[in-house]
Amino acid sequence: MTGFGARLVEAVAARGNLCAGIDPHPGLLDAWGLDRDPGGLEKFALTAVDVLAEEVSVVKPQSAFFEAYGPPGVAVLARVVEHARDRGALVLLDVKRGDIGSTMAAYTAAYLGDAAPIRADAITVSPYLGFGSLAPALGAGEGLFVLARTSNPEAGGLQNALLANGKTVAQSIVDEAARCNAGAASLGDVGVVVGATIEPGELDLTGLNGPVLAPGFGAQGATVDDLRRLFGADLPGVLPASSRDVLRHGPDPVALRDAVRRTQASLTG
Ligand SMILES: O=c1ccn([C@@H]2O[C@H](COP(=O)(O)O)[C@@H](O)[C@H]2O)c(=O)[nH]1
């Protein structure tokens, strides 16, 4: 099977680089006139995915908002992931998993590969048990987005801390990801998460040869200009991610479609 990086390059060429988040915040369910229960969750998420998964290259369901409803919520998540893939989008499941090697193998079996019960194309992972603990998920052609420099204001103290080798924690994660992607023909399978809200110059991404998920665009305040300042004019390999700023235009599918198209256009304009 073609690796995730190559599939992503193809998808972005066809549909652009916006990553649309499916984040069923309780407040958004209220705004859409839906109940805060598994039925409301399902209506919200399937309406969103029906529209967004036909427009963008990557959709990113936020697992936490589904897990919050217990097993019925996880069942909805499984349907959302399948539905999105059927509509031609790649699914990046935002689950931020990471554990000792043997447990990481179980997370990999849960979400990646054809036998996975919730089969995503890529997942977000946390490297804070050591980058090497992610080994069970590496090398199988599946997509991983490793948290490097996240968009939240609390992150800088830890992620910009200097290691004994003089690099920041975040830079060393980027460099480990780059090692995994070395020699990949188009784009490697191992991406990093770098918030669109961080300061330009904090990280050197030039050797990554992999995708960059850039959340923080939209509701968290980062703009297209911020994205360009951080990642360069053409945003090569960068997936700006927006959830609330698009979803607030629902539940009308036409308004939702217009909003996602406007956001896509803003990235190329
Ligand atoms: O550094 C990170 C990593 C992940 N996220 C996730 O992205 C979305 C952002 O939602 P918005 O509504 O566009 O703010 C959410 O699921 C986060 O968990 C992030 O924001 N920052």
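First listed ligand is number 1; within each ligand, the first listed atom is number 1.
One side chain, T206 or D204, offers a donor N or O that lies under 3.5 Å from an acceptor on the other.
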Worked check of side chain to side chain donor-acceptor pair (under 3.5 Å) between T223 and D225 | CA-CA 5 Å; T223 63; D225 284 346; 5.1 Å; no

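A donor-acceptor pair under 3.5 Å links the side-chain atoms of D121 to the main chain of V91, judged by distance alone. In this structure a side-chain-to-backbone donor-acceptor pair under 3.5 Å is missing from R15 to S57.
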Between ligand 1 and the protein, which N/O pairs fall short of 3.5 Å?
unit_1, atom_1, unit_2, atom_2, d
ligand 1, 1 (O), S151, N, 2.8
ligand 1, 7 (O), K60, NZ, 3.1
ligand 1, 10 (O), S243, OG, 3.4
ligand 1, 12 (O), R244, N, 2.9
ligand 1, 12 (O), R244, NE, 2.6
ligand 1, 13 (O), S243, N, 2.9
ligand 1, 14 (O), Q220, NE2, 2.8
ligand 1, 14 (O), R244, NH2, 2.7
ligand 1, 16 (O), D23, OD2, 2.6
ligand 1, 16 (O), K60, NZ, 3.4
ligand 1, 16 (O), Q62, NE2, 2.9
ligand 1, 18 (O), Q62, NE2, 2.9
ligand 1, 18 (O), K96, NZ, 3.3
ligand 1, 20 (O), S151, OG, 3.4
ligand 1, 20 (O), Q220, NE2, 2.8
ligand 1, 21 (N), S151, OG, 2.7

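Ring pair F4/F145 is perpendicular by interplanar angle, where above 60° counts as perpendicular and below 30° as parallel.
None of L52, V56, I22 except one satisfies the side chain to side chain contact (heavy atoms under 4.5 Å, CB included) rule with V246; the exception is L52.
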